[in-house]
Peer 1: 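Okay, here's the structure, questions in a sec.
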Amino acid sequence: MKLYEYQAKEIFRQYGIPVPEGYVIDKVDDIKKHEESVVLKAQVLVGGRGKAGGIKIASGTDEAKKIASELLGAQIKGVRVKKLLIEKKLDIERELYLSIILDRRNKCPLLMFSEEGGVDIESVDEEKIIKLYIDPLIGIQGFMIRYLLKKCTLEQKKELGRIIKQLYRIFKEKDCELVEINPLVVDRDGKLWAADAKIIVDTDALYRHPEIEENVEESTDLEREAKKMGYALIELDGDIAVIANGAGLTMATLDAITHFGAKPRIFLDLGGTDDPEIVKNAFYLVKKSNPKAVLVNIFGGVTKCDTVAKGIVAALEEYPIDVPMIVRISGVHEDVGRKMLEARGVECHTTMLDAVKRCAEVVVKGGGK
Amino acid sequence: MKLYEYQAKEIFRQYGIPVPEGYVIDKVDDIKKHEESVVLKAQVLVGGRGKAGGIKIASGTDEAKKIASELLGAQIKGVRVKKLLIEKKLDIERELYLSIILDRRNKCPLLMFSEEGGVDIESVDEEKIIKLYIDPLIGIQGFMIRYLLKKCTLEQKKELGRIIKQLYRIFKEKDCELVEINPLVVDRDGKLWAADAKIIVDTDALYRHPEIEENVEESTDLEREAKKMGYALIELDGDIAVIANGAGLTMATLDAITHFGAKPRIFLDLGGTDDPEIVKNAFYLVKKSNPKAVLVNIFGGVTKCDTVAKGIVAALEEYPIDVPMIVRISGVHEDVGRKMLEARGVECHTTMLDAVKRCAEVVVKGGGK
Amino acid sequence: MAIIVDENTRVLVQGITGHQGSFHTGEMIKFGANVVAGVTPGKGGQEVHGVPVYDTVEEAMEMEPNATMIAVPAPYVKDAAFEALYNGIKVLHILTEGVPFHDSMEIVSYAKTKGAVIVGPNGPGIASPFKAKVGIMPNSIFAEGFVGVASRSGTLTYEIVNALTQNNIGQSTVIGLGGDPIVGLSFVDVLHMFEQDEQTKAVVLVGEIGGTAEEDAAEYIKREVSKPVVAYIAGRTAPPGKRMGHAGAIITRGMGTAESKIRAFEEAGVPVAKFPTDVPNLLQNIL
Amino acid sequence: MAIIVDENTRVLVQGITGHQGSFHTGEMIKFGANVVAGVTPGKGGQEVHGVPVYDTVEEAMEMEPNATMIAVPAPYVKDAAFEALYNGIKVLHILTEGVPFHDSMEIVSYAKTKGAVIVGPNGPGIASPFKAKVGIMPNSIFAEGFVGVASRSGTLTYEIVNALTQNNIGQSTVIGLGGDPIVGLSFVDVLHMFEQDEQTKAVVLVGEIGGTAEEDAAEYIKREVSKPVVAYIAGRTAPPGKRMGHAGAIITRGMGTAESKIRAFEEAGVPVAKFPTDVPNLLQNIL
């Protein structure tokens, strides 16, 4: 889960990483008096906010108010701006890059530092990035920092070393996937500042961080509702609502649908369950997604075919859908399940390919019931 | 380095391990008013303090004052009592044992718990002690505590688990060799209390614990003076001052002296040095120890024989000693060293055995110069 | 032969009295696995499908388990895994989904110090038909044979293994690596083991979007693998930035796309199936 | 053969520009050791006895060292040892005295995860005449031969090795385990290695008061060692509770007395010398 810049900077402040003086507003009236230049930064969770006009400089209170009234409520890359972070403008001498990310390959934290900051790190030459792999059993050690400092031309080595240690503490103590300072600014007085702050927290670890608020901006309303109900649902811009059991099988079903020229409306992973209620309630979401067809793809294992069939039958009563529904049902208790469904007039197939082809046909060529 | 009970209990208090209410006095007038019974505990760093009369119970203020005036200034196992810890008397239901020590064999912390507390742990049957070896890379984990609690009949399992976790934190954060609660008391209300507290801190780690005062009681004046000067010196009750280079060689020299019927006065390990000054100044301590003879045993390696000889020659001027001195000198630059010493009339031998035999003879049979 | 688990595997189930733990204990026994003990703190002394339950792994060690399935809630997984490792168990399957990945990193690091193998978290486990199973894969899909299967997905694996069996292609060992960003085994680790394993004649890799495990595997295959390999990749149509069910199935910063993985495999001479059920055909072409 | 270090050992010196580091670099080279690099932060680019100095171990790895002598002040030992281990060095001799033992515990644990050997802390190192030396033992005392020596002491070792050499008894490997309570290798570890080593025909153990390493060794010798062993124990007359120079040489709670150790060795059929210089005689009796 991404944190807003102002939330990330609050954490930086708690850990002693210097951030520019500033405050957050959600209405224009809250702007304070400013004699010097300030930066107004739209608080949205999308990348490329600056280029999209979400960061502006104002030279005094009046200009700040004018810009704030334009930004608040505006859309940045499709997201409405509800809050602004207003900060003292830094007198920038150099821009550096510093981050710690989860390295999946080496199963450990990876620290990256570059003297070329302020730009997308992917656009920086590999040899200009210093990388440090950190063994989670020993954490960050003095020699690692010495090694990094040795390779950098910065004069403020001691302060950089201190910031790195604190950044690692944040990464670990806040269960982060990413902590990033880009740019890490050296001002004309030689002081270091985290001019921007990006933190992504591991969603699965939120239970042990009551101090971190949940941010909802990244999901659609339907996705949030599904999450509350315990389903993994992704909204897409096509026509077919796909329900399957298991993330891999669900993705494979989307891929097959697309292969046959149709487009999916939702990705809905039932997971492993032996409760027909859970199957039934998924159709509440399917109905809400307003699809042109429904494709259910079940390979019965932990989730047995008869459980799924029972759930579908119940859903036919409770959440009747007036678009075509195709069911692929195979695996454990397949026969019982198929009989139950066919008795209610549901179109059943044994192989995924048959079901997907048929469903795509129905949508593309309109060959429904 | 051993901590006094009151110091250890202060650390316990900081880490949330319950200790009885109490305070420390160094004069009788500081005793507060007590309506209930109190325990007066002599603060000395020797074992078996209770049996030696260092722990007394008083039923009110007057009795407390009377006992305090007897204890303060008294000798407990040869150590003068300078401070008393005065504590509320516990209403004891059960006495348990809990400790974490450094396990040399497994190179890790070892936690020991027994339901038979209040007695010397060495006197408790092995099968009545629960032992847990803690991997320092992962520390104490929930499952270890569950395993221990499973084996104990105590009702206060949760509180015991909490105390164990905190005790481990003390062990680690204060660089301890030992933390021990004996007895860990269950009172009649079912509450747990650290009735006694013993902490030994790693002397070599004191540099990172400015919060811990150095206790001097364990050493003699001469030992403390030697330590300040940078020598490892142990005072013994015999006649021969032994100087050697290396702890093992020095011990072996003491052993050999004893074998030949004499007794050592001091153990003085020169360590590895190439500075004659260090050798010379060791004789200041030798002189202070007032021995009946001096035996120098040098196997020259890092510490070269000529360096030692130079130091001894200088010491003959600065700290002249009027008892016999026998020198064994062998190894690197042996010839140069021997010549320098013999020129000043010092008796030199090549083998340790010859030197030791001769020195023992001198002391035992009075065969000196 | 087979890899990681075989007829010498003695299975422990941590969380055996739970819903999943108890059901799958029965299924593992039916598969032919030797389930010797279970652990649930506070439930020691019970039996589940005739398997004795203990309060602690320490006590369960009297049954000499050498592999464990961990089916406890996510907040307790780290403690359970450390308990198993501390007691010397060398194969751990972590079934649980939603384990914080800082916990997973520590488990994987600690396992390395103990020379132990972690399967998962968030995967269906491992099965060598019909020698041993540690996990939850449905018994009915398997046949013994010569193909090793490694997958980042659960149900999709069943689909593919089932298709293999239907086409008379048996399996040496089937392993679900887990759908989390941090898992104990990578495709490379498993390829190395399959390459050494005499029973295995060909390998099927089932990948998905997210990370670079497939790209790494392709590199490794070019250099080190002599046995034929075929692959399937799920998530060709997944939108970037969305977590597709699995915590690890997410395209971030343009990395981890299906295209990149498919291209890497094809460059390494590994045929990539269009549909899961094409895998048997591809195998038949090369075997 | 020999154990731990031999003609393939490439030595790094951490703290090479210090007093000890620089002097002993010269001595190691004279012994015949292959000293390939040194490290002192901030001193990179210099040379010590012709050996190139680097700022970090990472950089020094270009010289491919596989063993290191750590001669930095006690507060920096843990960082230096972790640096060496992190960079893959498999033999570490820690010369420094006064390393906090919580640091030593962590170093030893981390080394185990890396499959590395720690010699010390607070010991003179290791030498296999005249193949390699990592440490500070005086060159002049050695002769090549068939006796392995392991000791908890420094100078006492030189005394005994010197006596061996004077009596024409050469050594395969001489190792100073270190005088601290926590050291990397125990007598048992070393006995195991000497038992495997073809060059070694007999073993000398030099123990002292404190701990139970000698008692453990005696037990192990009874069970596992076929080669003859003789011993010497220092500290028969040491008073309890006093740290006899070495941090580890202390009798606590009645444990670790010389009597207990001597008795254990004698019960295991290991002759114990009365004086250090009796060791050659004892060896000649049994060889």
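Each chain gets a letter, A, B and so on, in the order its sequence line appears, and its residues count up from 1.
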Peer 1: So, the side chain of C:H102 versus the backbone of A:F171: is there a donor-acceptor pair under 3.5 Å, distance only?
Peer 2: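 Such a contact is found between C:H102 side chain and A:F171 backbone.
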Peer 1: Dump the intermediate steps for side-chain contact (heavy atoms from CB on, under 4.5 Å) on C:T277 and A:T351, then the final yes or no.
Peer 2: CA-CA 9 Å; C:T277 42; A:T351 75; over 6 Å; no
Peer 1: Could you walk me through whether C:K242 and A:E223 satisfy the side-chain contact (heavy atoms from CB on, under 4.5 Å) test, starting with their C-alpha distance in whole Å, then the side-chain angles of each, then the deciding distance to 0.1 Å, before giving a yes or no?
Peer 2: CA-CA 11 Å; C:K242 292 284 186 182; A:E223 286 169 0; 2.9 Å; yes
Peer 1: To the nearest 0.5 Å, how far apart are CD in C:E208 and CE in A:M251?
Peer 2: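 Going from the CD atom of C:E208 to the CE atom of A:M251 covers 4.0 Å.
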Peer 1: Is it true that A:R208 and C:D103 make a salt bridge, defined as a side-chain N closer than 4.0 Å to a carboxylate O?
Peer 2: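 So A:R208 pairs with C:D103 through a salt bridge.
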Peer 1: What part of A:D120 lies closer than 4.5 angstrom to a heavy atom of chain C: side chain, backbone, both or neither?
Peer 2: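 Neither part, no heavy atoms under 4.5 Å.
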Peer 1: Indicate yes or no for a side-chain donor-acceptor contact from A:K107 to the backbone of C:V183 under 3.5 Å, with no hydrogens or angles considered.
Peer 2: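 Answer holds: yes.
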Peer 1: Would you find more than 12 non-hydrogen atoms of other residues, nucleotides or ligands less than 6.0 Å from A:E214 atom CD?
Peer 2: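 Open: at most 12 neighbouring heavy atoms sit under 6.0 Å from CD of A:E214.
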Peer 1: What are the two closest non-hydrogen atoms of A:C176 and C:F101, and how far apart are they?
Peer 2: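 Answer, listing the atom of A:C176 first, then C:F101: O-CZ, 3.0 Å.
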Peer 1: At a heavy-atom separation under 4.5 Å, does C:E159 approach chain A through its side chain, its backbone, both, or neither?
Peer 2: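 Both backbone and side chain.
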Peer 1: Tell me whether C:S109 contacts the main-chain N or O of A:L137 through its side chain, where contact means a donor paired with an acceptor under 3.5 Å.
Peer 2: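 A pair under 3.5 Å: no.
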Peer 1: With a 4.5 angstrom heavy-atom cut-off, is it the side chain or the backbone of A:L236 that approaches chain C, or both, or neither?
Peer 2: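 For A:L236, the contact with chain C is made by the side chain alone.
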Peer 1: Count the heavy-atom pairs under 4.5 Å between each of C:I233, C:V108, C:D216 and chain A, then report the option with the highest count.
Peer 2: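 It is C:D216.
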Peer 1: Please determine whether the number of non-hydrogen atoms from other residues, nucleotides or ligands lying under 6.0 Å from atom CE of C:M255 exceeds 12.
Peer 2: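 No, CE of C:M255 has 12 or fewer neighbouring heavy atoms, counting only those of other groups under 6.0 Å.
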Peer 1: Which value, rounded to the nearest 0.5 Å, describes the distance between C:I250 atom CD1 and A:E177 atom CD?
Peer 2: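 So the CD1 of C:I250 and the CD of A:E177 are separated by 7.5 Å.
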Peer 1: Could you grab the distance from atom CG of A:D204 to atom CD of C:E97, nearest 0.5 Å is fine?
Peer 2: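 So the CG of A:D204 and the CD of C:E97 are separated by 7.5 Å.
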Peer 1: Please determine if A:K172 and C:E106 form a salt bridge, counting it only when a charged side-chain N lies under 4.0 Å from a carboxylate O.
Peer 2: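 So A:K172 pairs with C:E106 through a salt bridge.
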Peer 1: Could you pull out the closest heavy-atom pair between A:A252 and C:L156, with the gap in Å?
Peer 2: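 Minimum heavy-atom separation between A:A252 and C:L156: CB-CD1, 3.9 Å.
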Peer 1: Report which part of C:K274 has an atom under 4.5 Å of a heavy atom belonging to chain A: side chain, backbone, both, or neither.
Peer 2: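 For C:K274, the contact with chain A is made by the side chain alone.
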Peer 1: Salt bridge between C:E215 and A:R105, side-chain N to carboxylate O under 4.0 Å?
Peer 2: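 Looking at A:R105 together with C:E215, the answer is no, because their closest N to O distance does not fall below 4.0 Å.
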Peer 1: Is it the backbone or the side chain of C:P138 that comes under 4.5 Å from a heavy atom of chain A, or both, or neither?
Peer 2: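 The answer is the side chain of C:P138.
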Peer 1: For A:I101, is it the side chain, the backbone, both, or neither that has a heavy atom closer than 4.5 Å to a heavy atom of chain C?
Peer 2: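 Nothing of A:I101, per the 4.5 Å heavy-atom cut-off to chain C.
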Peer 1: What is the distance from atom CG of A:D269 to atom OG1 of C:T155, rounded to the nearest 0.5 Å?
Peer 2: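 So the CG of A:D269 and the OG1 of C:T155 are separated by 7.0 Å.
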Peer 1: Is C:T113 in contact with chain A via its backbone, its side chain, both, or neither, using a 4.5 Å heavy-atom distance?
Peer 2: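 The side chain, not the backbone.
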Peer 1: In Å, rounded to the nearest 0.5 Å, how long is the span from CD1 of C:I141 to CZ of A:F299?
Peer 2: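 Separation between the atoms: 6.0 Å.
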Peer 1: Given that the side chain runs from C-beta out, which part of A:L353 has a heavy atom under 4.5 Å from chain C: side chain, backbone, both or neither?
Peer 2: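 Answer is side chain: those atoms of A:L353 sit under 4.5 Å from chain C.
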Peer 1: Against chain A, label C:P75 side chain, backbone, both or neither, depending on which of its atoms sit under 4.5 Å from a heavy atom there.
Peer 2: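 Both parts, backbone and side chain.
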Peer 1: Of all of A:G248, A:G246, A:A232, which one pairs up most often with chain C through heavy atoms under 4.5 Å apart?
Peer 2: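 Counting heavy-atom pairs under 4.5 Å, the top option is A:G248.
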Peer 1: C:G98, C:A234, C:G245: which one forms the most heavy-atom pairs within less than 4.5 Å of chain A?
Peer 2: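 Top option by heavy-atom pairs under 4.5 Å: C:G98.
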Peer 1: Considering only heavy atoms, which portion of C:T237 lies under 4.5 Å from any heavy atom of chain A: side chain, backbone, both, or neither?
Peer 2: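 Both parts, heavy atoms under 4.5 Å.
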Peer 1: Who among A:D175, A:N245, A:L102, A:T253 has the most heavy-atom pairs with chain C under 4.5 Å?
Peer 2: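 The candidate making the most pairs under 4.5 Å is A:L102.
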Peer 1: Please rank A:T258, A:I257, A:I234 by heavy-atom pairs under 4.5 Å with chain C and give me the top one.
Peer 2: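 Ranked by contacts with chain C, first place is A:I234.
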Peer 1: Step through the shown structure and confirm whether more than 12 heavy atoms of other residues, nucleotides or ligands are within 6.0 Å of OH on C:Y76.
Peer 2: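 No, not enclosed.
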Peer 1: Could you tell me which portion of C:R152 (side chain, backbone, both or neither) has an atom closer than 4.5 angstrom to a non-hydrogen atom of chain A?
Peer 2: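 The side chain, not the backbone.
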Peer 1: Just wondering, do C:M244 and A:F267 contact through their side chains at under 4.5 Å, heavy atoms?
Peer 2: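 In short, these two side chains touch, coming nearer than 4.5 Å.
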Peer 1: If I measure from the heavy atoms of chain A, does C:I136 come under 4.5 Å with its side chain, its backbone, both, or neither?
Peer 2: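 Both backbone and side chain of C:I136 come within 4.5 Å of chain A.
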Peer 1: Will you find, in the side chains of C:H19 and A:D274, an N or O donor that is under 3.5 Å from an N or O acceptor?
Peer 2: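 There is such a pair between these side chains.
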Peer 1: Which atoms of C:P181 come close to chain A, meaning under 4.5 Å heavy atom to heavy atom: side chain ones, backbone ones, both, or neither?
Peer 2: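 Contact with chain A is through both the backbone and side chain of C:P181.
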Peer 1: Counting distance only, does the side-chain N/O of A:D255 pair as donor-acceptor with the main-chain N or O of C:G235 below 3.5 Å?
Peer 2: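 Side chain of A:D255 to backbone of C:G235: a pair is present.
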Peer 1: Around atom NZ of A:K227, are there more than 12 heavy atoms of other residues, nucleotides or ligands at under 6.0 Å?
Peer 2: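 No - once you tally the heavy atoms of other residues, nucleotides and ligands closer than 6.0 Å, there are 12 at most.
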Peer 1: Could you walk me through whether C:R243 and A:T203 satisfy the side-chain contact (heavy atoms from CB on, under 4.5 Å) test, starting with their C-alpha distance in whole Å, then the side-chain angles of each, then the deciding distance to 0.1 Å, before giving a yes or no?
Peer 2: CA-CA 11 Å; C:R243 175 171 158 166; A:T203 312; 3.8 Å; yes
Peer 1: How long is the span from the CE atom in C:M105 to the CD1 atom in A:I134, to the nearest 0.5 Å?
Peer 2: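 If we round to the nearest 0.5 Å, C:M105:CE and A:I134:CD1 are 9.0 Å apart.
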Peer 1: Counting only non-hydrogen atoms closer than 4.5 Å, does A:I121 touch chain C with its backbone (N, CA, C, O), its side chain (CB onward), both, or neither?
Peer 2: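 Just the side chain, heavy atoms under 4.5 Å.
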Peer 1: Using heavy-atom distances under 4.5 Å, tell me whether A:P264 contacts chain C through its side chain, its backbone, both, or neither.
Peer 2: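 A:P264 has no heavy atom closer than 4.5 Å to chain C.
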Peer 1: Check whether A:A205 gets within reach of chain C through its side chain, its backbone, both or neither, counting any heavy atom under 4.5 Å.
Peer 2: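 Both parts, backbone and side chain.
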Peer 1: Using only atom types and a distance under 3.5 Å, with no angle test, would you say the side chain of A:R104 pairs donor to acceptor with the backbone of C:G248?
Peer 2: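 Yes.
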Peer 1: At a 4.5 Å cut-off on heavy atoms, which part of A:K174 comes close to chain C: side chain, backbone, both, or neither?
Peer 2: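 It is neither, since no heavy atom gets under 4.5 Å.
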